[in-house]
Student: 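Quick one: the structure is below, and I'll ask about it shortly.
Both backbone and side-chain heavy atoms feed into the values below; hydrogens, waters and symmetry mates do not. Below, read A as the first sequence line, B as the second, and so on, with proteins coming before strands; counting in each chain starts at 1.
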Number of protein chains: 2
Amino acid sequence: MVTINEVAVEAGVSPSTVSRVFSRPEVVNSVTRQRVTEVADRLGYTPNRIARSLAIGKSGNLGLIVPDIANPFFAHLIKAVQVEARQAGLALFIAETDEHRLDEYPLVKAMAKQVDGLVLASPRMSDSQIRELVEIAPIVLINRKLRGVQSVLIPSADGMRQAVDHLAALGHDGCVYLAGPRNSWTNLQRRSAIRGACRRHAMSYTEMGPFEPRFESGVRAADPLIAAGATAVIAYDDVIALGVISRLSEREVRVGREMSVIGVDDSPLAAIACPPLTTVRVPAAKAGAVAVRLLLDLLAGRDANGGLPTELPTDLIVRSTTAPAPAAR
Amino acid sequence: MVTINEVAVEAGVSPSTVSRVFSRPEVVNSVTRQRVTEVADRLGYTPNRIARSLAIGKSGNLGLIVPDIANPFFAHLIKAVQVEARQAGLALFIAETDEHRLDEYPLVKAMAKQVDGLVLASPRMSDSQIRELVEIAPIVLINRKLRGVQSVLIPSADGMRQAVDHLAALGHDGCVYLAGPRNSWTNLQRRSAIRGACRRHAMSYTEMGPFEPRFESGVRAADPLIAAGATAVIAYDDVIALGVISRLSEREVRVGREMSVIGVDDSPLAAIACPPLTTVRVPAAKAGAVAVRLLLDLLAGRDANGGLPTELPTDLIVRSTTAPAPAAR
DNA sequence: CAAGTTGCTGCAACCGCTTGCATACTTCGT
DNA sequence: ACGAAGTATGCAAGCGGTTGCAGCAACTTG
């Protein structure tokens, strides 16, 4: 591995000059610069990022923590974060908590010290734990609200309200909500939006769960749904909704006839499901991109947005899993 | 940020001792060690990974390059790699090439210098470029074969053969292959396996493409399929297959009746599609896990597996998108 | 023409940790 | 009781860059 010193002697300058050629080119004389760069790539020199990090006290890395990489919502989020980070010349660390709340804090803490900033997507840890992390590294939260910490939120209240309105218009006199993870801010949002909308429509509200956002959770949820005589169900997310549909079909309950099912996320899954899933669209990629931009602002000392959470809108996409209530037909 | 020195003065020992307490505890006297650790966590000291990396010349990081994070195949692969890396105490860098061949080499090269090892999933770059990268960092390839470079391969020949056999048994007298990316080793494998199997069954073989592995590619591919009078089609992957199905339904061609469609990957998408997609199962997660283990062996100097590629098997999962050829009914 | 600028480069300390070698103190064998 | 072997710690030189400060030459300016 060729170092700055070798380039220096070969080019007949001091190491400092070589360093400056790479870090602040404008301060070195153009002909010297020319010579140094030429020697540098003749020797195949490239700056050692680790050494540089140590000297300047920045790593040039961003970190991203998600509950589940394979969940389409997070997959798209990750993708956007990665693109945005690269554009800013930063590399991206990724870690997954696999929805295990306990591992989360030490994991994030370990990562916090080797990155310049962190985005936590749907963290499940406690407020105080997050506060401690904020002391270590700049942090932007996604779908988690905490006073004084930058965040981008997708409250999904609009979308959920639209979903319930839609069910009400179809004549359903109640709906059940298949709740997501207990410590999820998003879950709380959805629950209260649905509950509120149900009250306004004088519809009954039932809750089942909590469920991990997995296909199998939905499968497991279906039988109790039937047993409870439900006619309309809103799932925490598409993945769960699809599990429900799958089991419902097995039980020969016709989805989009006897039972209306609504998901959340509008993942690619929703459109191709059978029947196509009515769902609430959630801008995952947008959220990721915005989070990185907030983080960059934070790093640059620009106090973006006055520290207020950035909120992103959601809306209902009606497809074929929702139909008039059997009683209303 | 508290350093090793502060701990040293506070504990009344030299910095070297503190360092040893954290890196080689067994060589320091147990009572000293006790005292140092106690002081350390009273002061909230944690070793600076960057400094450590610089001193010992290892970063403790692994890198993973994938064409497309949001593609379910890679999402599961990433997940497995992440889990495996964490288990080994290594952090994981992820970068995506977004199927853009041109960016790939510089991107990987940049990453190669800040990691201890790299796994390249389905790289599209040239053999010689990969060879250059191998000089910089230990590399394990996934779905790419290169003499002298460790790799884990999913040739999918078995699965493809089974797929064609299946079509033949259903009375199809030909099949079309919707090809994947031109520079993809996987694509070449699939193509030649299908072609070979068609020849054995005296079936006609037609190829269309190449297509990027995206839903829209499949949508685009459907009309030419109909125009060509095809009765059976094997797509490069599930994502493309689902695009085809979607457009076919729009055109009111009944999939699993007039047209048989087979995908590859057995992503969660396949099972929930409408109708459920016949597909070739590909062990994405397994591939990721094995790749990391090979990489760790490489790093430890163990020459795993004698440098031979590890091959993972595939098999056909028959669901509802394949049916007897219309003419054979 | 002296004094003050300006532009470029080098010196050397430093970022926080690791580690080969030297040192000092024990312990043991004879 | 004395040298050898072993154990625990400290010293100091790195790892590969960065950067404040000083030095020097060439240029202005009054």
Side-chain angles (χ1 to χ4, degrees), chain A residues 1-41 43-61 89 91 110 112-116 136-137, chain B residues 1-41 43-61 89 91 110 112-116 136-137:
Chain A
M1 170 138 292
V2 28
T3 79
I4 219 173
N5 296 292
E6 307 171 30
V7 177
V9 317
E10 183 77 12
V13 297
S14 80
S16 344
T17 299
V18 179
S19 169
R20 281 191 270 257
V21 166
F22 286 89
S23 46
R24 248 155 356 111
E26 68 281 4
V27 305
V28 16
N29 181 294
S30 64
V31 12
T32 322
R33 190 194 322 150
Q34 187 74 34
R35 182 155 37 96
V36 171
T37 41
E38 191 235 303
V39 171
D41 49 45
L43 265 47
Y45 167 80
T46 47
N48 178 324
R49 285 190 59 145
I50 309 252
R52 178 160 219 277
S53 299
L54 180 58
I56 67 181
K58 294 181 200 297
S59 66
N61 301 146
K113 280 170 314 210
Q114 51 183 325
V115 299
D116 294 340
I136 307 181
Chain B
M1 168 138 294
V2 29
T3 77
I4 219 172
N5 296 292
E6 306 171 31
V7 176
V9 317
E10 184 76 11
V13 296
S14 80
S16 341
T17 301
V18 179
S19 169
R20 280 189 272 256
V21 166
F22 285 88
S23 45
R24 247 154 358 110
E26 67 280 4
V27 305
V28 18
N29 182 293
S30 63
V31 13
T32 322
R33 190 195 319 150
Q34 189 72 34
R35 182 156 36 97
V36 171
T37 41
E38 191 235 302
V39 171
D41 50 43
L43 264 48
Y45 167 81
T46 47
N48 179 324
R49 284 190 58 143
I50 309 252
R52 176 158 222 278
S53 299
L54 181 58
I56 66 179
K58 296 183 200 297
S59 65
N61 301 146
K113 279 170 314 207
Q114 50 182 327
V115 298
D116 294 340
I136 306 182

Student: Can you tell me how far C1' of D/dT19 sits from CZ of A/R24, to the nearest Å?
Tutor: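 Between C1' of D/dT19 and CZ of A/R24: 7 Å.
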Student: In Å and rounded to the nearest 0.5 Å, what is the CD1 to CZ distance from A/I4 to A/R20?
Tutor: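 With rounding to 0.5 Å, CD1 (A/I4) is 10.0 Å from CZ (A/R20).
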Student: Side-chain contact test, heavy atoms from C-beta onward, threshold under 4.5 Å: evaluate it for B/N48 versus B/T3 and give yes or no.
Tutor: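 No, side chains not in contact.
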Student: Consider the side chain of B/R20, meaning its heavy atoms from C-beta on, and name the nucleotide among D/dT9, D/dG17, D/dG14 that approaches it most closely.
Tutor: D/dT9
Student: Please determine if a side-chain N or O atom of A/T3 lies less than 4.0 Å away from the OP1 or OP2 oxygen of D/dG16.
Tutor: no
Student: Roughly how many Å is it from NZ in A/K58 to C1' in D/dT19, rounded to a whole number?
Tutor: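 Rounded to the whole Å, the gap is 15 Å.
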Student: Please give, in whole Å, the distance from D/dT18 P to B/I50 CD1?
Tutor: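 It is 14 Å, rounded to the nearest whole Å.
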Student: Is A/R52 close enough to D/dT18 that one of its side-chain N or O atoms is under 4.0 Å from OP1 or OP2 there?
Tutor: yes
Student: Please compare B/Y45 and A/E26 by the position of their nearest nucleotide in DNA chain C and report the one closer to 5'.
Tutor: A/E26
Student: May I have the distance from B/I56 (atom CD1) to D/dA13 (atom P), rounded to whole angstrom?
Tutor: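 So the two atoms are 22 Å apart, to the nearest Å.
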Student: Quick one: pull up OG in A/S59 and CD in B/Q114 and give me the separation to the nearest 0.5 Å.
Tutor: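 A/S59 OG to B/Q114 CD: 9.0 Å, rounded to 0.5 Å.
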Student: Could you state the interatomic distance from OG (A/S23) to CZ (A/R52), rounded to the nearest 0.5 Å?
Tutor: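 Rounded to the nearest 0.5 Å, the OG-CZ separation comes to 5.5 Å.
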Student: Determine the contact category for B/T32: base if any of its heavy atoms lies under 4.0 Å from a base atom, sugar-phosphate if only primed atoms, P, OP1 or OP2 are that close, otherwise nothing.
Tutor: sugar-phosphate
Student: Just checking B/S16: base, sugar-phosphate only, or nothing, at a heavy-atom cut-off of under 4.0 Å?
Tutor: base
Student: Side chain to side chain contact (heavy atoms under 4.5 Å, CB included) for A/V21 and A/R35? Distances and angles first, verdict last.
Tutor: CA-CA 10 Å; A/V21 166; A/R35 182 155 37 96; over 6 Å; no
Student: Rounded to the nearest angstrom, tell me the gap between atom CZ in A/F22 and atom P in D/dT18.
Tutor: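 Interatomic distance, CZ of A/F22 to P of D/dT18: 10 Å.
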Student: Remember a base hit wins even if backbone is also touched, and classify B/L54 as base, sugar-phosphate or nothing at under 4.0 Å, heavy atoms.
Tutor: base
Student: From A/R49 CZ over to B/L54 CG, what is the distance, rounded to the nearest 0.5 angstrom?
Tutor: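 Reported to 0.5 Å precision, the distance equals 14.0 Å.
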Student: Given that B/M1 and A/P15 both sit by DNA chain C, which one's nearest nucleotide is further toward the 5' end?
Tutor: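 The 5'-side residue here is A/P15.
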Student: Please work out if B/S19 contacts a base, only the sugar-phosphate, or nothing of the nucleic acid, heavy-atom cut-off 4.0 Å.
Tutor: base
Student: So which one's nearest nucleotide on DNA chain D is more toward 5', B/V28 or B/A51?
Tutor: B/V28
Student: Check B/V13, B/V18, B/T17 against B/V7 for a side-chain contact (heavy atoms from CB on, under 4.5 Å) and give me the one that passes.
Tutor: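 Filter result, single survivor: B/V18.
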Student: Base, sugar-phosphate or nothing for B/V13? Non-hydrogen atoms, less than 4.0 Å.
Tutor: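 The answer is sugar-phosphate, as B/V13 gets under 4.0 Å only of primed atoms, P, OP1 or OP2.
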Student: If you walk 5' to 3' along DNA chain C, what is the first nucleotide with an atom under 4.0 Å of a heavy atom in chain B, and what is the last?
Tutor: C/dG16 to C/dG20
